[in-house]
Every structure is written in structure tokens, then in C-alpha cells.
Amino acid sequence: MARDLQFPLVRTVGFDGALVTFADRMSENANRAALAFRSEVDHLQWDEVTESSASLGSTFVRFDTQRVSHQQMLEKLQHLIGQKDWYNTPLPSGRKLWRVPTVYGTDLAPQLDDAAAAAGLTPEEAIRRLGQSRVRVLTIGFAPGQPYLGPLGPEFNIPRLPSLTPMVPEGALVLAISQFVLFSGPTPTGWRHVGQTAFRCFRPERADTFPLRPGDELVFTPVSREELQHIRANNTDNTGGATCEEIAP
Amino acid sequence: MSLIVYRIGPSCTIQDQGRVGYLDQGLSRSGAADILALHEGAALLGQSPDLAALEMAGMGGEFEATQNMHIALTGARMQASIDGGPVSWNASHQLAAGQRLVIGAAVQGNYGYLHLGGGIEAKVFLGSRSAHLTARIGRAVQQGDTLTCGLHTGKTGLKLMPADRFAGGELRVVASFQTTLFDQATLDRFAANAFRRGTRANRMGMQVDSDGGGFAASGQLNILSEVITPGDIQMTGAGDPFILLPECQTTGGYPRIATVLPCDMPRAAQTPAGGPIRFKFVSMDEASALHTGFLSDLARLPSRVEPLVRDPHDIPDLLSYQLIGGVISATD
């Protein structure tokens with residue numbers, strides 16, 4: 001993307017979408033702005049908006065082109081941008097903190113040592129740092145309920161692998177570019193598989209189909225392989241032994 | 001009322017217009033790959049286009065009616081017969097209890113649709129009956145399944161001339177927010193190029209091939225993952241285009257050069273492997289006019305339905321028809 005772009009930037013997406021972009025690279029402030037702006041669009045309940053979402057640094061709005069022209073929609077969004085400093089807006093309320101038992105390394109997550117080496121750390125030190133990191137759901141996407149989580153420390157700004165790992169299982173915690181993804185289903189990936197959980201991000205059989213919300217925070221607490229096996233054996237609610245508490249506004 | 005599935009192709013799923021409003025949870029819309037076919041079936045049966053139908057990718061199956069019921073066949077033309085007697089595609093038919101409906105391979109196009117009077121009654125999940133196999137919602141219909149349907153009181157023996165969309169052709173596209181990542185020379189080459197549908201295709205997306213070089217964006221590997229919408233034409237790392245379909249991912253890092261208009265998505269999805277494809281950029285004003293026209297065409301479909309005129313020798317079970325009802329004419 002050209003360097004001379006002015007953010008926030010309002011553009012059309014395909015035929016019936018509009019995008020408010022707060023930055024063209026990952027930043028804490030831009031993600032915060034995207035979440036807050038999306039939250040405000042949701043709150044306003046404009047009749048012509050059919051759905052909205054927040055990605056890493058943008059808010060997306062799909063609208064009914066029969067009710068409002070593209071130009072009108074872009075102007076409406078531009079007007080909303082001018083209402084406040086979105087980059088310094090508090091995160092949405094009602095967020096939760098999840099603590100998710102996680103096995104780092106072992107045969108369950110075989111790329112931990114490799115990721116530690118790429119970060120210039122011993123495996124023990126990598127586990128210590130990752131296990132203490134409190135990361136935020138930056139966006140949910142690609143697959144149902146699947147969170148992108150960050151930021152991790154700059155030492156974990158390691159690239160994706162040049163070739164794909166053919167398949168990692170549901171509940172896999174993978175790492176690249178100072179972010180985690182917690183996989184909602186078995187999938188091939190170019191990210192390093194550093195941890196394994198029994199947490200299900202997509203629970204079609206339950207009322208809380210999507211347990212996580214953008215803005216929620218997670219800590220992936222280290223447990224032993226045996227502990228995870230015990231959790232799995234007794235895991236009737238699909239939470240994988242995770243605990244959840246409200247984050248005070 | 002229900003239909004027993006004796007044989008079925010490998011990629012047949014129940015589809016309606018899909019589920020809207022879960023993009024923020026990473027769940028794409030799903031729904032019929034050929035939305036127009038869904039509306040055509042609804043028009044033929046005089047029912048709502050929101051009802052679910054069976055989408056048959058490439059190959060149909062063999063079915064038996066447990067009670068008298070009404071069906072319609074739309075989308076990619078497939079060989080179809082009732083108790084061995086051929087029946088018309090793009091038409092509605094009566095299926096008497098015990099009769100066998102056989103639907104073969106697609107003759108032209110990819111996705112055929114079997115509609116049942118009253119709609120297929122599958123479980124509603126998050127507001128839709130659509131299977132979304134990528135998201136592991138629902139599953140492909142299998143041998144031994146039973147498709148149940150609601151009550152239907154409308155007429156059958158009707159036909160509808162379908163919009164021609166089964167052999168590829170021109171797809172109208174609009175520029176999207178990542179179009180400017182491609183330089184003008186690449187965009188010009190893209191718009192002038194003769195493509196054909198590749199062999200890699202499913203409900204997530206379809207590959208588009210050409211003989212020339214790829215269509216890469218500048219700085220392609222450093223692009224932040226961003227929202228995806230069905231119809232987006234995504235470039236892979238090698239610059240090969242894929243048109244994204246109803247089960248596409250909701251975000252992605254590969255840049256999108258343009259987006260196919262909703263009115264041309266039925267043509268895109270129905271283009272057979274090897275079928276010719278060209279992309280034509282239109283302005284947003286032109287796109288809006290085309291979209292308005294498409295919506296009014298959909299709304300007019302019920303008024304375009306007409307009686308199915310057939311040779312009585314082709315009717316497998318003549319005595320079961322109400323000949324004096326005026327719907328079927330044996331003399332025209």
C-alpha cells in the first residue's frame with residue numbers, strides 16, 4: 001500500500017461493502033480503533049447496514065445498496081470518523097478474560113522448539129514468556145470462531161514457515177508475526193504449532209456457539225501433557241478446562 | 001412428505017440463501033452457489049425463494065417419493081427421469097407415491113437444483129438451513145437419507161426459460177479496496193485477458209486459468225489480512241486468480257484484484273471446467289443499475305412461468321395427470 005495514504009481511510013469493498021481502515025500494518029491503536037468503531041456502528045443500528053465486522057485494523061460494513069448509494073454510505077462513515085479520536089477510544093465493555101490450559105511442545109505441539117530458536121530463546125524461556133502473555137482477540141476470522149490474538153513480545157515476530165504443515169488439529173495454538181491463532185478446526189497452516197489446548201472456539205451444538213468476542217483477553221497457562229489428557233477425559237462442556245471472568249470496564 | 005435417497009452424488013447439500021450476520025464470528029454466508037436457480041425453482045412451485053433446495057454439484061441421484069409430492073428442477077441441466085420416462089429440466093413436476101426420480105450428471109454447467117414443494121425441512125442453524133461443509137455445519141446428503149418437505153398446494157407442469165449462464169462468458173466486476181495494489185499495466189492485462197475456468201473448484205472458490213503470466217500485486221507478502229466478500233477475485237502467491245464463492249474464508253492475506261457483481265455470480269459458479277471467462281470492469285453506477293435490474297428480474301420470475309407443453313408419449317404416467325385442469329395440454 002502506498003505510503004501517502006491518509007488514515008482513517010474509507011473505501012468500498014466489492015459491490016455492497018465499505019471499509020474504514022485505521023492502519024495498513026498491525027498496531028495496537030489501530031485494532032482498538034477498529035473494534036471501537038465497529039462497536040459504535042453496531043450501536044447505531046443504521047437501517048441500511050446488514051452486517052459489520054472488525055478485522056485487524058479495519059471496520060467493515062455491508063449495506064443495502066437499494067436503500068443508500070455508495071457515496072452516501074461513504075459520507076456517513078466519514079462523518080462518524082470525525083466524531084471522535086477512535087485511536088484513543090476505550091475498548092468495548094463486557095469483555096472477558098479466559099485462562100486456557102495449554103501443553104507447550106511435546107509431540108502434541110511439535111514446533112515449539114523451532115519457534116523458540118527462531119525467537120532466540122531456550123524452549124523453557126519461550127514457554128515461560130508465552131505462558132505469561134496476556135493477549136487480546138484482535139479479530140475473529142478465516143474460520144468460524146477462530147481468534148487472532150496478540151500482541152506477543154517483539155522477540156516472537158517470527159515469519160510464517162515457507163511451506164505448510166499439512167494438518168494441525170482443532171485447539172492447536174500456532175504462532176507467527178507476534179500473534180497467536182487458536183484453530184477452530186483441523187487445518188493446514190504455515191504458522192508454527194507451539195501449543196495444544198482442548199478449547200473449542202466454535203460449538204455449533206451449544207447456545208454459546210461462539211464463546212470468544214473481539215476484545216476478549218486470553219492467557220494460555222502451561223500444563224503438563226497428563227493434565228491436558230485428564231481435562232480431555234472430563235471435558236463435557238468443550239471449554240477445555242478454561243476459566244472465564246469479566247474484565248472490569 | 002418425504003423423498004428417500006437411494007443413490008446420491010458426492011457433493012449434494014441442502015442450501016437456501018445462506019446465513020447473514022456472522023461475518024464478525026468468522027462464518028461466511030454459504031447458501032446456494034446459483035442464487036438465480038433458487039429463485040427459478042421457487043417461481044416454478046409458486047413458493048418463497050427463502051425455502052431450501054437440494055444443490056447437486058455435477059451429479060444428482062436416485063430418489064423415491066413416499067407420498068404424492070411436487071418437485072422442480074433448475075440450474076445446471078441434468079438428465080432427469082421419473083420411473084424411466086424423461087422429464088424436462090427447468091420445470092415443475094408431480095411425483096406420485098412410489099415413483100422413482102433419477103437425476104444424472106450435469107450436461108452443461110455445474111450446480112443443478114432439486115426443489116421440493118413446501119421446501120426441504122432441514123434443521124435451521126443460526127437462521128439458515130444451508131450446509132457449510134468448510135465450517136463443518138451440516139453434511140453432504142448421503143444414501144439412505146430422507147429429505148422431508150413441507151405442505152404444498154400449488155400447481156405443477158410448469159416451465160421457465162432459464163437465463164443462459166452455463167457456458168461461461170463475460171463477468172462484470174467492480175474495483176475494490178485492494179485493486180490499487182495492482183499497477184495499471186497488470187489491471188489492463190487482466191481486463192484484456194482470455195481466461196478459462198480451471199479444474200480446482202468447490203464451494204469455497206474456483207480457479208481461473210490463462211496462458212499468460214500471473215497477476216501479482218506489489219508488496220503482496222506484506223499485506224495485512226483483510227475482509228473477504230464472495231465474488232472477490234483473489235490472487236494466490238503465484239498470481240493465479242480464484243473467484244471466491246459462498247463458503248469462502250471471511251478474511252485473508254492474498255490481495256483481491258476486483259469483485260464479480262452479484263448478478264454475474266450465477267454465471268461464474270456455473271461456468272464448467274475449461275469454459276471461457278473474461279472480466280469487464282464497470283463503474284459503481286453501472287454496477288448499481290445492473291444490480292437493480294437483477295433484483296427486478298428475480299421479482300418478475302413468477303410472472304414468466306408458463307405451462308409445460310409436452311408430447312403425451314413422453315409422459316410416464318399419463319393417467320395420474322389432471323388433463324382437464326388445463327395445465328397440461330396433449331394437443332398443443
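Order of the sequence lines fixes the chain letters, A, B, ..., with proteins taken first and strands second; residue numbering starts at 1 for each chain. As a basis for the values below, the full set of heavy atoms in this structure was taken, side chains included, without hydrogen atoms, waters or symmetry mates.
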Can you tell which part of A:F15 gets under 4.5 Å to a heavy atom of chain B, answering side chain, backbone, both or neither?
both
B:H291 and A:D16: CA distance, side-chain angles, deciding distance, side chain to side chain contact (heavy atoms under 4.5 Å, CB included) verdict:
CA-CA 10 Å; B:H291 189 65; A:D16 60 359; over 6 Å; no
Heavy-atom proximity to chain B below 4.5 Å, by part of A:T12
both
I would like to know whether B:F177 and A:T21 meet side chain to side chain contact (heavy atoms under 4.5 Å, CB included); could you show each step before the answer?
CA-CA 10 Å; B:F177 67 103; A:T21 304; 5.5 Å; no
Minimum heavy-atom separation for A:E51 and B:Y22, please, with both atom names.
OE1-N, 3.4 Å
Among B:V174, B:T250, B:V173, B:L23, which residue forms the greatest number of heavy-atom pairs with chain A at distances under 4.5 Å?
B:L23
Is the count of non-hydrogen atoms from other residues, nucleotides or ligands lying under 6.0 Å from B:F195 atom CZ greater than 12?
yes
Any residue of residues 128-139 of chain B which, by heavy atoms, sits under 4.5 Å from chain A:
B:A135, B:R136, B:I137
Can you say whether A:S69 sits under 4.5 Å from chain B via the side chain, the backbone, both, or neither, judging by heavy atoms?
neither
Over all atoms of both residues, closest heavy-atom pair of B:L224 and A:G57
CD2-N, 4.4 Å
Donor-acceptor pair, distance only, cut-off 3.5 Å: does the side chain of B:S176 make one with the backbone of A:G14?
yes
Please check if the number of heavy atoms outside A:R206 that lie under 6.0 Å from its CZ is greater than 12.
yes
Using heavy atoms and a sub-4.5 Å threshold, report which of residues 181-205 of chain A line up against chain B, by residue number.
A:S184, A:G185, A:P186, A:F202, A:P204
What part of A:L212 is in contact with chain B, defined as an atom under 4.5 angstrom from a non-hydrogen atom: side chain, backbone, both or neither?
backbone
Against chain B, label A:A18 side chain, backbone, both or neither, depending on which of its atoms sit under 4.5 Å from a heavy atom there.
neither
Any idea which heavy atoms bring A:S58 and B:E226 closest together, and the distance?
OG-OE2, 2.6 Å
Largest heavy-atom contact set with chain A, pairs under 4.5 Å, which of B:D232, B:T259, B:V227:
B:V227
For the pair B:Q25 and A:T209, evaluate side chain to side chain contact (heavy atoms under 4.5 Å, CB included) and give the outcome as yes or no after the intermediate values.
CA-CA 10 Å; B:Q25 288 294 349; A:T209 301; over 6 Å; no
In the structure I gave you, are the side-chain heavy atoms of B:V20 and A:R62 within less than 4.5 Å of one another anywhere?
no
Name the region of B:A258, side chain, backbone, both or neither, that has any atom closer than 4.5 Å to a heavy atom of chain A.
neither
